[in-house]
Amino acid sequence: MRTSDTIPSLPLFSLLFIMHGVFFWSANGIYGNWQSAHATFYGGSDAAGTMGGACGYGNLYSQGYGTQTAALSTTLFNSGLSCGSCYELRCSSDPKWCIPHTITVTATNFCPPNYALAGDNGGWCNPPRMHFDLAEPAFLKIAQYQAGIVPVSFRRVPCVKKGGIRFTINGHSYFNLVLVTNVAGAGDVHAVSIKGSTTGWMPMSRNWGQNWQSNSYLNGQSLSFKVTASDGRTVMTYNVVPVGWQFGQTFEGGQF
């Protein structure tokens with residue numbers, strides 16, 4: 001039987017290296033290595049056709065996303081939970097069409113499958129393909145227009161945003177629909193709770209995209225939010241919405 005006093009000890013440097021590796025993995029677990037996919041483009045030269053979309057962000061210019069955006073295939077979209085996540089892309093293995101440049105895009109839309117076409121002949125977003133349908137200005141930074149579709153390498157990266165998380169309150173009494181935008185860090189929100197000035201914390205349900213729903217009557221109360229991203233990190237913003245708020249207003253809170 002082997003006892004503890006016979007277990008060889010590791011040099012201090014090795015222990016520190018292992019501990020650093022464990023910490024790095026735990027802090028960056030959602031950010032992986034480069035993977036292979038393909039990319040196309042849509043929305044026109046001014047990206048006007050990318051506005052709205054399945055994430056519910058509406059006007060991508062006023063929301064701060066601009067033209068560096070992408071619609072994700074079913075495999076990447078995760079039924080909308082990937083909305084707001086960020087990806088670094090570069091064109092690869094096609095020297096005829098590739099431009100040596102790297103871009104970072106935010107997921108703002110869904111690229112639906114087209115089962116009438118084969119996955120390698122028009123059904124680019126069919127499962128299980130990983131595909132990015134980029135806003136045209138973003139695509140043109142990594143490939144030539146005439147290419148149409150190019151192979152890309154991509155990896156998940158932290159989102160960098162200006163200002164705090166934004167909460168836009170839509171709906172009506174007993175149906176509070178809160179759009180959560182401009183999320184840094186992981187970018188994709190997986191849980192939201194709301195608290196009125198006279199209530200405790202109440203979990204919200206995801207209605208669609210990044211629209212989160214509460215059926216509680218919260219009129220006339222200041223509102224606080226607790227936002228949890230896919231990496232498990234949470235930001236709590238107290239009384240970000242003052243008493244007297246109106247439906248349709250947007251308020252800016254804390255940030256990751």
Side-chain angles (χ1 to χ4, degrees), residues 22-32 53-60 62-65 69 77-87 104 106-108 156-256:
V22 170
F23 174 78
F24 182 83
W25 180 87
S26 63
N28 300 275
I30 65 169
Y31 310 122
C55 292
Y57 293 144
N59 188 318
L60 300 179
S62 61
Q63 295 287 12
Y65 297 106
T69 63
F77 192 63
N78 194 20
S79 300
L81 282 174
S82 293
C83 288
S85 55
C86 295
Y87 301 86
T104 299
T106 304
T108 59
R156 183 84 178 267
V157 295
C159 298
V160 178
K161 304 297 181 186
K162 295 180 180 179
I165 299 172
R166 299 188 190 117
F167 305 91
T168 301
I169 306 177
N170 297 306
H172 51 78
S173 301
Y174 297 103
F175 180 72
N176 305 285
L177 193 64
V178 179
L179 173 63
V180 183
T181 60
N182 200 53
V183 182
D188 50 347
V189 176
H190 281 207
V192 179
S193 293
I194 191 171
K195 179 184 180 303
S197 52
T198 62
T199 75
W201 286 106
M202 299 174 290
M204 304 183 77
S205 59
R206 193 171 65 90
N207 189 294
W208 66 282
Q210 284 297 351
N211 284 282
W212 295 80
Q213 172 184 338
S214 169
N215 294 329
S216 299
Y217 184 80
L218 296 169
N219 294 31
Q221 301 182 52
S222 62
L223 304 178
S224 304
F225 292 97
K226 179 164 55 177
V227 176
T228 302
S230 63
D231 60 358
R233 297 172 63 200
T234 297
V235 167
M236 301 175 71
T237 301
Y238 289 94
N239 302 315
V240 61
V241 179
V243 175
W245 57 268
Q246 301 289 323
F247 289 104
Q249 289 183 308
T250 298
F251 304 90
E252 188 170 308
Q255 185 61 275
F256 288 101

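Please read all numbers here as calculations on a predicted model, not as lab measurements. Just so you know, residue 1 is the first one in the sequence shown, and it goes up from there.
Without hydrogens or angle criteria, Asn176 side chain to Ser216 main chain gives a donor-acceptor distance under 3.5 Å. With hydrogens and angles disregarded, a donor-acceptor distance shorter than 3.5 Å links the side chain of Gln210 to the backbone of Cys83. Using a distance-only test at 3.5 Å, with no hydrogens or angles considered, no donor-acceptor pair links the side chain of Tyr57 to the main chain of Gly64. Counting only distance, with no hydrogens or angles, the side chain of Trp245 and the backbone of Thr250 share no donor-acceptor pair below 3.5 Å. Judged by distance alone, with hydrogens and angles left aside, the side-chain atoms of Gln63 form no donor-acceptor pair with the main-chain N or O of Gly58 at under 3.5 Å.
Taking both residues in full, the closest heavy atoms of Arg166 and Lys162 are given as NH2-O, 3.9 Å, listed atom of the first, atom of the second, then distance. A pairwise comparison of heavy atoms in Thr106 and Cys86 identifies OG1-SG, 3.6 Å as the closest pair.
Note that CZ of Phe77 is 4.5 Å distant from SG of Cys55, once rounded to the nearest 0.5 Å. Atom CD1 in Ile169 sits 5.0 Å away from atom CZ in Phe225 (nearest 0.5 Å). Once rounded to the nearest 0.5 Å, the distance linking OG of Ser197 with CG of Leu223 reads 7.5 Å. To the nearest 0.5 angstrom, Asp231 atom CG is 5.5 Å from Tyr31 atom OH. In this structure, OH in Tyr238 is found 7.5 Å from NZ in Lys226, a value given to the nearest 0.5 Å. We find the CG-CH2 distance between Leu177 and Trp212 to be 11.5 Å, quoted to the nearest 0.5 Å.
In terms of the side chain to side chain contact (heavy atoms under 4.5 Å, CB included) criterion, residue partners of Thr237 (sequence neighbours excluded) are, by chain and number, Val235, Val240. For Arg156, the salt bridge (Lys or Arg N to Asp or Glu O under 4.0 Å) criterion is met by Asp188, not counting sequence neighbours.
Within the 4.5 Å cutoff, the side chain of Asn182 has heavy atoms near those of the Gln255 side chain. Contact of the Val227 side chain with the Phe167 side chain is registered, since non-hydrogen atoms from C-beta on lie closer than 4.5 Å. Under the 4.5 Å side-chain criterion, counting only non-hydrogen atoms from C-beta, Trp201 is not in contact with Ile194. Inter-residue side-chain proximity for Phe256 and Cys159 is flagged as unmet; no heavy-atom pair is nearer than 4.5 Å. A heavy-atom distance below 4.5 Å is not found between the side chains of Met204 and Val180. Contact check for Phe247 versus Asn219: side-chain heavy atoms found under the 4.5 Å cut-off.
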Which is it for Arg206 and Leu81 under the side chain to side chain contact (heavy atoms under 4.5 Å, CB included) test, yes or no, and what are the steps along the way?
CA-CA 9 Å; Arg206 193 171 65 90; Leu81 282 174; 3.5 Å; yes

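In summary, the side chains of Asn215 and Gln213 do present a donor paired with an acceptor at a separation below 3.5 Å, with no hydrogens or angles considered. Checked by atom type, the side-chain pair Thr234/Thr228 shows a donor-acceptor distance below 3.5 Å.
Shown are Val178, Val241, Asn239, Ile165; of these, the side chain to side chain contact (heavy atoms under 4.5 Å, CB included) with Phe251 is made only by Val241. Screening Ser214, Pro203, Ser224 for a side chain to side chain contact (heavy atoms under 4.5 Å, CB included) involving Ser193 leaves a single residue, Pro203.
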